[in-house]
*Asks:* 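Encoded as structure tokens, here's the structure I'll be asking about.
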Amino acid sequence: MNVRTRIAPSPTGDPHVGTAYIALFNLCFARQHNGKFVLRIEDTDRARSTAHSEQVIYDSLRWLGLDWDEGPDVGGNYGPYRQSERGDIYAKHAQQLLDSGHAFKCYRTTAELVELREAIKASGENRALKPSDLILDEAEQQRRQKQGDAYVVRMQVPASGSVVVHDLLRGEIELHWDNVDAQILLKSDGMPTYHLANVVDDHLMEITHVLRGEEWINSAPKHKLLYEYFGWDMPVLCHLPLLRNPDKSKLSKRKNPTSILYYQRMGYLPEALLNYLGRMGWSMPDEREKFSLPDMLDAFDIQRVSLGGPIFDLEKLKWLNGLWIRESLSVEQLADKLIEWGLNRENLLSILPHIQQRMDTLSDFIPKTAFLGSGVLGITDQSFSELKLETADQLKILQFSLWRLETLSHWQRDNLFTELKFLADALEIKLKDFLAPLFIAVSGSTSSFSVMDAMALLGSDMTRARLRNGIDVLGGVSKKQMKSMEKAYRGINSGN
Ligand code: GLU
């Protein structure tokens, strides 16, 4: 068999370490079988996908040394590799399912869907929305069709019973249909959902093994059914364990930096980060902790993946990175790494416009920009003590900004300004006073250049890590305070 694996990231937001982790295992699996590793861009969410984010995915995976054989940027025989360019293919396949009766057009409005769900709940049942709930009588269907009402295409799913899905690592998994909705396959704008596009593409791209995150297990029954409806063989499924925070919760940017860009900016070596990702649920046969990608490729065996949730621990990563810096680099190589990391021309060109007018000598450069090259700043509560606002208000500003910026999808200076200005106005605090604690948390002092520019240069994960640190050094937020802050924050957002 010609083994073909793939990574299928969605280009929304920053490139996630979880994407690199899954890519690494797909790459190793493909190489071990002399197969091909494909990169497919899943950009059917047109509102959230950006070309910038797509480019950053390429750059950061390549920075890590994860190269693909086929993809939007390198071509291949199974393209296009960008889902937004495959609209006709999905429409054709959705039509095929409509023709065979395995899918139906659903004209239900949002309000009706809410009503239907409520009715199911009220009847004491705990189940998903099924075709029998959704399908209208013939006359009504005709009427809405004639009127040109919007519709989606949904798949037929069984009302009850269960299905067994085979997983390379987990064996047989039994999943129940009760909670599986009549999944939307084509949205009202004609765009496919993940499920349709993913299955059609995996088949047409002749993917033989789907190694993906554990969070997709619940999609497996729908996918299995779609393969059956189309009369296709299903690829082998393998759900890898999710990366977790030290408290065992799913690794999320709320608690931990998850962007590859953060790790780049912190000065982790790509070799070390990749090594660490290779240790997530996997180990070398001799249990050695430090190993390179070629070492991993030589020794790879998917059966050595253990399913207990691997903890993505920053301390451990830092320790490993230190080993790489101290043991594996000559002084010349270290100098090159530093230049590549922060002292390169491109980086200087993005920083200098902000400080040139504040410089008298070249030696001003390092002190004025040291905060950009640092990790989390060594600030204390004293650092905030000169500010006008009370500590409670400073905490509120930091926490509200953290929440507000968590959801910002385009991390650019002007957007940052809009969000922060919104909060300052909502809290009725003068912008200057509002920004002061942010200055301290993000830049270490109020005398540095615009904090919005600093945030834009630092990126979202680093900025958020510093805001969290600011909250900690100010004494943190108690559970009780958090409750009242959440309430106040909701009030702001609902315009009350
Ligand atoms: N686009 C999905 C994601 O962003 C792909 C999941 C899969 O591998 O099937 O994770």
Side-chain angles (χ1 to χ4, degrees), residues 3-30 36-50 53-58 60-61 66 68 70-72 78 80-87 89-90 165-170 173 175 183-185 187 191-227 232 234-243 250-253 258-260 277 280-281 302 305 409:
V3 167
R4 291 173 58 80
T5 65
R6 66 8 175 226
I7 181 78
S10 298
T12 54
D14 280 354
H16 201 283
V17 278
T19 302
Y21 156 68
I22 302 287
L24 171 64
F25 282 78
N26 275 285
L27 175 74
C28 288
F29 191 85
K36 296 278 186 231
F37 171 52
V38 176
L39 186 147
R40 179 172 74 228
I41 292 289
E42 299 209 330
D43 57 349
T44 54
D45 183 343
R46 299 310 293 145
R48 293 179 60 226
S49 300
T50 65
S53 170
E54 182 180 319
Q55 187 57 47
V56 184
I57 290 174
Y58 300 149
S60 46
L61 293 182
L66 297 167
W68 45 100
E70 298 168 29
Y78 297 80
Y81 293 92
R82 202 180 274 116
Q83 289 188 329
S84 58
E85 293 166 19
R86 299 172 64 82
I89 300 174
Y90 308 126
V165 178
H166 188 82
D167 181 283
L168 196 55
L169 293 171
R170 295 158 201 264
I173 311 173
L175 294 145
Q183 175 63 49
I184 298 180
L185 299 175
K187 296 179 262 186
M191 271 296 189
T193 55
Y194 158 74
H195 304 280
L196 177 68
N198 192 270
V199 163
V200 167
D201 287 351
D202 281 346
H203 174 74
L204 295 179
M205 294 181 183
E206 296 184 20
I207 300 301
T208 56
H209 294 77
V210 169
L211 278 60
R212 62 183 174 193
E214 180 181 344
E215 72 265 40
W216 299 103
I217 288 183
N218 287 334
S219 302
K222 292 181 249 190
H223 293 190
K224 187 171 184 201
L225 198 53
L226 283 173
Y227 281 100
W232 298 336
M234 184 161 175
V236 175
L237 292 186
C238 174
H239 293 94
L240 293 165
L242 279 184
L243 302 184
K250 176 181 163 192
L251 187 70
S252 77
K253 67 177 185 182
T258 54
S259 163
I260 300 173
L277 292 173
M280 294 290 101
I302 190 79
V305 170
S409 52

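Note that ligands are numbered from 1 as they come in the structure, with each ligand's atoms numbered from 1 the same way.
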*Asks:* For W216, take its heavy atoms, then give the atoms of ligand 1 lying under 4.0 Å from any of them.
*Replies:* 2 (C), 3 (C), 6 (C), 10 (O)
*Asks:* Do NZ/NE/NH1/NH2 and the carboxylate oxygens of R82 and E54 come within less than 4.0 Å?
*Replies:* yes
*Asks:* Distance under 4.0 Å to a non-hydrogen atom of S10: what atoms of ligand 1 satisfy this?
*Replies:* 1 (N), 4 (O)
*Asks:* Measure up the H203 and W232 rings against each other and bin them: parallel (under 30°), tilted (30 to 60°), perpendicular (over 60°).
*Replies:* parallel
*Asks:* Residue-level breakdown please: for I7 versus ligand 1, do any non-hydrogen atoms fall below 4.0 Å on the side chain, on the backbone, on both, or on neither?
*Replies:* neither
*Asks:* Which of the atoms of ligand 1 are close to N198, meaning less than 4.0 Å from one of its heavy atoms?
*Replies:* 7 (C), 9 (O)
*Asks:* So, is P9 polar-close to ligand 1, with some N/O to N/O distance under 3.5 Å?
*Replies:* no
*Asks:* Under 4.0 Å from a heavy atom of E42: which atoms of ligand 1 are those, numbered in the order shown and with their elements?
*Replies:* 1 (N), 2 (C), 5 (C)
*Asks:* Evaluate side-chain contact (heavy atoms from CB on, under 4.5 Å) for D45 paired with S10, printing each intermediate quantity in order.
*Replies:* CA-CA 8 Å; D45 183 343; S10 298; over 6 Å; no
*Asks:* How close does the nearest protein non-hydrogen atom get to atom 8 (O) of ligand 1, and which residue and atom is it?
*Replies:* R6 NH1, 2.6 Å
*Asks:* So which atom in P11 and which in S53 form the shortest heavy-atom distance, rounded to 0.1 Å?
*Replies:* C-OG, 2.9 Å
*Asks:* If we count only N and O atoms by modelled type, under 3.5 Å, do the side chains of E42 and Y194 hold a donor and an acceptor together?
*Replies:* no
*Asks:* Can you tell me the protein heavy atom closest to atom 9 (O) of ligand 1 and the distance?
*Replies:* Y194 OH, 2.7 Å
*Asks:* Hey, are the side chains of V210 and N198 touching, using non-hydrogen atoms and a 4.5 Å cut-off?
*Replies:* no
*Asks:* Which protein heavy atom lies closest to atom 5 (C) of ligand 1, and at what distance to 0.1 Å?
*Replies:* A8 O, 3.3 Å
*Asks:* Quick one: do the Y90 and D201 side chains pair a donor with an acceptor below 3.5 Å?
*Replies:* yes
